[in-house]
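The following block contains the structure, expressed as structure tokens.
If you read the sequence from its start, that first residue is 1, and numbering goes on from there.
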Amino acid sequence: MTTTPAPDRTNTNTTTPAPAAGATPTTTAAGTITNTTTAAGTNTTASTTSTSTTGTSLTAGTTTTATVGTAATTAGATTAAGTAGTSLTAGAPTAAPAPHDTTTGDLAVRHLKVAVIGAGISGLGTAIGLLRAGENDFLVFERATDLGGTWRDNTYPGCACDVQAHLYSFSFARNPEWKSTFATQAEVHAYLKTTATRHGVDPHLRYGHELLDARWDDTHHHWNLRTSHGRYTAQILVTGTGYLSDPATPDLPGLDTFTGTLFHSSQWRHDHDLTGRTIAVIGTGASAIQFVPQIQPHVARLDLYQRTPPWVAAKPDKPNTPRHTWMLRHLPGYQRFRRAFNKHGREIVAFFMSRPTRTTGMKNMAAGHLKKSVKDPALRKRLTPDYTVGCKRLLFSNTWYPAIQQPNVDIISDTITHIGPTHITTADGQRRDIDTIILATGFTATNRPIAHRIHGKNGTTLADTWHTTGMTAHRGTTIHGFPNLFMILGPNTTLGHSSQTVMIEAQITYILSALKTLTTHHLTTLEVRPEAQNAYNHTIQTRLKNTVWNTGGCTSWYTDTHGNNPSIWPTYTWRFRHQTRHLDITNYQTSTHTDHTHTTP
């Protein structure tokens with residue numbers, strides 16, 4: 001039996017640390033009345049002011065107490081779910097969460113300093129950053145029953161990272177136990193779980209809590225959150241859902257009529273034995289590159305539907321020797337050196353990709369690998385891309401070309417015109433019978449599902465805002481009209497040359513700086529100015545204009561349906577890290593309590 005954690009039930013009697021005297025009951029977003037009492041025993045309420053509203057704030061200067069009970073168990077894993085004596089005073093370090101917590105229904109709305117959505121690399125990194133900064137008043141909401149994000153979901157055969165393991169791990173949680181240059185899915189997932197436990201994140205995790213709706217309350221200056229297991233409010237909302245979390249299903253005629261087994265590579269059916277079956281794999285991207293060589297020896301026939309061939313280079317993957325592992329374990333400086341060497345070494349790739357004419361060396365490397373691997377000139381021509389290397393992400397594999405040249409593999413470049421109950425028909429009129437379809441068609445990277453669930457100041461969703469203005473953000477993190485919202489791996493933070501953990505850590509630094517700014521200046525809200533966001537986006541798009549990602553002659557998931565590129569960070573990662581070292585407060589509109597002196601920059 002699987003039991004999912006219920007929402008947190010809290011006591012609605014709150015205590016503020018003695019602001020001005022008075023007696024006013026405060027109405028929460030859920031409509032319940034909360035009596036606030038000063039430390040001296042007199043009733044009080046704190047008013048807030050902003051550039052547009054004056055109301056009552058529940059976001060600072062209050063504390064809540066939580067009930068303590070039994071642990072909540074999900075899918076065989078026990079999560080320590082509660083918090084006791086959690087402080088909501090802005091920036092004040094709080095008591096650590098209680099080890100167990102029983103919660104029921106929507107009887108109470110718990111207020112948080114920070115709500116984090118998603119327990120992948122971004123969400124876990126944010127949680128660790130908060131704890132390291134002394135902030136305990138937060139929860140991480142995860143819709144699944146385990147942490148890990150894309151490294152939890154993608155369990156297809158052969159799944160592994162194409163960035164060196166030392167660079168893909170956190171700089172503050174280096175791992176000496178990697179078995180080879182590039183880590184497997186199982187290794188990365190295990191690393192994330194171990195790191196979360198080691199840094200004390202587990203008590204803050206709420207599994208089975210899918211964010212259904214988030215709405216900004218411009219009166220109380222907080223976010224009203226509705227999850228699949230209850231309601232919460234939070235002063236700060238951080239999304240760590242990334243862009244590789246929701247699979248993209250292609251719009252293929254008749255796909256819904258197929259009666260065989262159909263699944264996406266990120267939702268691998270391990271219960272479906274492929275041995276002796278007739279398989280259709282649709283897509284030749286990063287996932288297919290990895291799982292096709294794994295399943296090819298076992299299937300009767302594999303039809304590989306290729307829209308455009310990818311550039312594939314040799315993968316320099318080598319097992320770590322015992323001597324190397326010893327050095328990683330016992331010489332911390334050596335491990336730091338290896339990570340820094342990988343990080344700075346990859347920066348030169350950004351220089352090459354800044355102009356298509358600079359990619360000749362990369363093209364020769366990939367073309368040489370193709371020529372060495374595929375001797376048949378006709379097949380080699382079919383496998384040679386017609387776009388500049390780097391326009392789509394350069395892939396790495398030593399097994400792809402050997403696998404797709406086997407007698408039981410047929411590479412099909414003709415367009416699919418119809419899918420029937422047991423077959424696929426292509427534009428050349430040929431019909432091929434199959435019993436299994438595997439979609440290797442990527443993710444909804446430029447149409448973030450979470451954007452449809454976040455409502456800003458005027459009630460408009462983030463998705464509708466981006467539909468009107470384009471998918472943009474300031475520093476890839478904050479969006480005008482959505483105060484106190486911070487999006488990790490937001491617009492134009494995707495890398496085509498290095499590790500996403502570098503960008504994630506930079507954004508976490510930026511968010512922590514924002515929290516410190518809120519505390520230091522006694523602020524209740526931060527909202528990026530529209531002119532700052534527009535200027536930033538103009539700079540990004542200007543840098544992208546002549547890069548390989550925009551002018552390389554391909555159609556990739558980096559671009560949206562309008563041909564814009566809201567995905568790629570177009571230059572060196574050190575520039576992004578420099579921009580996000582501190583919150584650029586002059587680019588923000590702010591609001592604060594009236595009992596503190598404040599000047600909006």
Side-chain angles (χ1 to χ4, degrees), residues 118 120-122 149-150 162-163 239-248 266 283 285-287 308 310-311 346 349-350 352-356 359 387-395 441-452 462-463 465-479 486-504 506-507 510 533-534 536-573 575-577 579-580:
I121 294 179
S122 298
T150 190
D162 62 356
V163 173
T239 66
T241 53
Y243 50 83
L244 302 179
S245 57
D246 292 89
S266 67
S287 299
T308 53
W311 284 108
R346 280 180 168 260
V349 180
F352 293 147
M353 292 185 173
S354 63
R355 296 291 185 275
T359 62
Y387 57 86
T388 305
V389 63
C391 183
K392 294 184 179 183
R393 189 177 180 98
L394 177 64
L395 306 178
T441 48
F443 300 85
T444 56
T446 58
N447 182 19
R448 309 284 181 93
I450 196 171
H452 296 269
L462 180 57
T465 298
W466 278 344
H467 180 74
T468 302
T469 64
M471 186 174 165
T472 66
H474 182 64
R475 306 286 189 241
T477 310
T478 55
I479 302 107
F486 298 86
M487 176 170 283
I488 297 183
L489 295 184
N492 294 110
T493 57
T494 301
L495 294 178
H497 72 282
S498 190
S499 172
Q500 287 298 155
T501 57
V502 177
M503 302 294 277
I504 290 170
Q507 289 187 277
Y510 193 66
Q533 182 174 326
N534 292 338
Y536 178 82
N537 184 63
H538 177 74
T539 300
I540 295 294
Q541 297 307 318
T542 299
R543 283 190 177 275
L544 277 166
K545 190 174 182 180
N546 296 316
T547 65
V548 66
W549 299 292
N550 277 33
T551 62
C554 74
T555 301
S556 73
W557 62 263
Y558 298 147
T559 57
D560 59 23
T561 55
H562 304 291
N564 300 316
N565 190 334
S567 303
I568 284 288
W569 171 252
T571 182
Y572 311 107
T573 60
R575 282 181 169 158
F576 188 79
R577 288 183 282 119
Q579 292 180 4
T580 52

Which pair of heavy atoms, one from Tyr387 and one from Gly553, lies closest together, and at what distance?
CB-O, 3.6 Å

Rounded to the nearest 0.5 Å, what's the gap from OG on Ser354 to NE2 on His497? Could you check?
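Rounded to the nearest 0.5 Å, the OG-NE2 separation comes to 10.5 Å.
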
Minimum heavy-atom distance between Gly285 and Leu395, given as atom pair plus value:
C-CD1, 3.8 Å

State the OG1-OH distance between Thr444 and Tyr243, to the nearest 0.5 angstrom.
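If we round to the nearest 0.5 Å, Thr444:OG1 and Tyr243:OH are 12.5 Å apart.
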
Minimum side-chain heavy-atom gap Val163-Arg346 below 4.5 Å
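They are in contact (side-chain heavy atoms under 4.5 Å apart), so the answer is yes.
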
Does Arg393 form a side-chain contact (heavy atoms from CB on, under 4.5 Å) with Tyr558? I'd like the steps, not just the answer.
CA-CA 9 Å; Arg393 189 177 180 98; Tyr558 298 147; 3.4 Å; yes

Is Gln579 close to Tyr510 at the side-chain level, that is, under 4.5 Å between some pair of heavy atoms?
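No. Closest side-chain heavy atoms not under 4.5 Å.
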
Electrostatic pair Arg448-Asp246, nearest N-O below 4.0 angstrom:
no

Donor-acceptor pair between Gln507 and Thr580 side chains, under 3.5 angstrom:
no

Say you draw a straight line from CG of Asn492 to OG1 of Thr539; how long is it, rounded to the nearest 0.5 Å?
11.0 Å

Quick one: does Gln500's side chain get under 4.5 Å of Ile121's, heavy atoms only?
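No; the side chains remain at least 4.5 Å from each other.
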
Minimum heavy-atom distance Ile568-Gly496, with the two atoms named
CD1-N, 3.8 Å

To the nearest 0.5 angstrom, please state how far the CE atom of Met471 sits from the OG1 atom of Thr465.
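Output value for this atom pair is 12.5 Å.
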
Counting C-beta onward and ignoring hydrogens, is there a side-chain heavy-atom pair between Asn537 and His474 closer than 4.5 Å?
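Contact flag for Asn537/His474 side chains = no.
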
Within the 3.5 Å criterion, strictly below it, is a donor on Thr308 or Lys392 matched to an acceptor on the partner's side chain?
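Short answer, yes.
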
Answer yes or no: is there a side-chain heavy-atom contact under 4.5 Å between Trp557 and Thr494?
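Yes; the side chains approach each other to less than 4.5 Å.
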
Which heavy atom of Leu489 sits nearest to which heavy atom of Ser122, and what is that distance?
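Between these two residues, the closest heavy atoms are CD1-OG, 3.8 Å.
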
So if I apply the side chain to side chain contact (heavy atoms under 4.5 Å, CB included) rule between Leu544 and each of Ile540, Asn546, Val548, Thr542, which one comes out positive?
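By the side chain to side chain contact (heavy atoms under 4.5 Å, CB included) criterion, Leu544 pairs with just one of Ile540, Asn546, Val548, Thr542: Ile540.
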
Fit a plane to each ring of Trp569 and Phe576, take the angle between them on a 0 to 90° scale, and name the class: parallel (under 30°), tilted (30 to 60°) or perpendicular (over 60°).
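The rings of Trp569 and Phe576 stand perpendicular, inter-plane angle above 60°.
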
Do Ile479 and Gln533 have side chains that get closer than 4.5 Å, going by heavy atoms?
yes

Taking all non-hydrogen atoms of both residues, which atom of Gly390 and which atom of Met353 are closest, and how far apart?
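Shortest heavy-atom contact: CA-CE, 3.8 Å.
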
Side-chain touch Trp549/Cys391, heavy atoms, less than 4.5 angstrom
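A side-chain contact under 4.5 Å is absent here.
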
State, yes or no, whether a side-chain contact exists between Thr559 and Asn564 at a heavy-atom distance under 4.5 Å.
no

Interatomic distance, Thr493 atom OG1 to Leu495 atom CG [nearest 0.5 angstrom]:
7.5 Å

Can you confirm whether more than 12 heavy atoms, excluding those of His452, are under 6.0 Å from its NE2 atom?
yes

Atom pair OG (Ser556) and CG (Asn565), whose distance is rounded to the nearest 0.5 Å
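Going from the OG atom of Ser556 to the CG atom of Asn565 covers 6.5 Å.
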
Return yes if a side-chain donor-acceptor contact under 3.5 Å exists between Thr239 and Thr241, otherwise no.
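No, no side-chain donor-acceptor contact under 3.5 Å.
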
